[in-house]
Amino acid sequence: MRVRMTATLSGTRDGKPWPDRGKTAELPDAEALHLIRAGLALEATDGDEAEGTPPEETAASREIAEKAVPGGRRRGSMTKSGSE
């Protein structure tokens with residue numbers, strides 16, 4: 001699946017730097033869907049690379065952030081058990 005990056009990622013993928021924000025990348029479907037759900041990419045359309053203007057980088061919504069944490073909890077929301 002081809003995606004358009006909505007954020008700048010550090011590091012590398014398969015030994016190459018991640019594409020810059022606004023650029024496209026061809027990724028396996030599972031990896032592409034993971035980036036889309038995390039708010040780091042959008043499914044690319046035919047004219048994406050030619051547009052030249054990167055999309056605005058925004059923070060993920062609270063709902064997306066909560067889904068990214070196991071159990072849907074945000075940091076600091078875990079409760080102590082009765083034995084502690």
Side-chain angles (χ1 to χ4, degrees):
M1 175 184 289
R2 202 166 111 245
V3 298
R4 179 172 47 103
M5 303 303 294
T6 59
T8 301
L9 301 181
S10 62
T12 60
R13 182 186 182 283
D14 292 337
K16 297 178 184 174
W18 281 95
D20 291 331
R21 184 171 54 97
K23 300 292 183 181
T24 61
E26 187 69 37
L27 301 172
D29 289 351
E31 188 173 357
L33 290 172
H34 177 77
L35 290 177
I36 291 168
R37 288 181 182 140
L40 301 173
L42 298 171
E43 187 170 357
T45 61
D46 289 337
D48 275 342
E49 196 78 26
E51 290 176 8
T53 305
E56 182 178 335
E57 192 167 357
T58 60
S61 71
R62 178 179 228 171
E63 180 181 323
I64 292 171
E66 288 178 354
K67 288 180 181 177
V69 178
R73 297 185 196 136
R74 292 185 310 274
R75 287 185 184 199
S77 66
M78 295 182 70
T79 59
K80 293 183 179 180
S81 67
S83 62
E84 293 181 356

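Computed from a prediction, not measured in an experiment: that's the story for all the values here.
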- Item | Check: Trp18 and Leu40 side chains under 4.5 Å, non-hydrogen atoms | no
- Task: Determine the minimum heavy-atom distance between Arg21 and Ala7, stating which atoms define it.
- Result: CG-N, 3.9 Å
- Task: For Pro17, enumerate each residue passing the side-chain contact (heavy atoms from CB on, under 4.5 Å) test, keeping only those at least two apart in sequence or located in another chain.
- Result: none
- Item | Separation between CG of Leu35 and CD of Glu43, rounded to the nearest 0.5 Å | 12.5 Å
- Worked check of side-chain contact (heavy atoms from CB on, under 4.5 Å) between Met5 and Asp20: CA-CA 7 Å; Met5 303 303 294; Asp20 291 331; over 6 Å; no
- Query: Under the criterion side-chain contact (heavy atoms from CB on, under 4.5 Å), which of Leu27, Val3, Leu42 is the partner of Ile36?
  - Reply: Val3
- Message: Quick one, Arg2 and Glu26 - any side-chain contact, counting heavy atoms below 4.5 Å?
- Response: yes
- Residues Glu31 and Arg13 bridged, charged N to O under 4.0 Å: yes
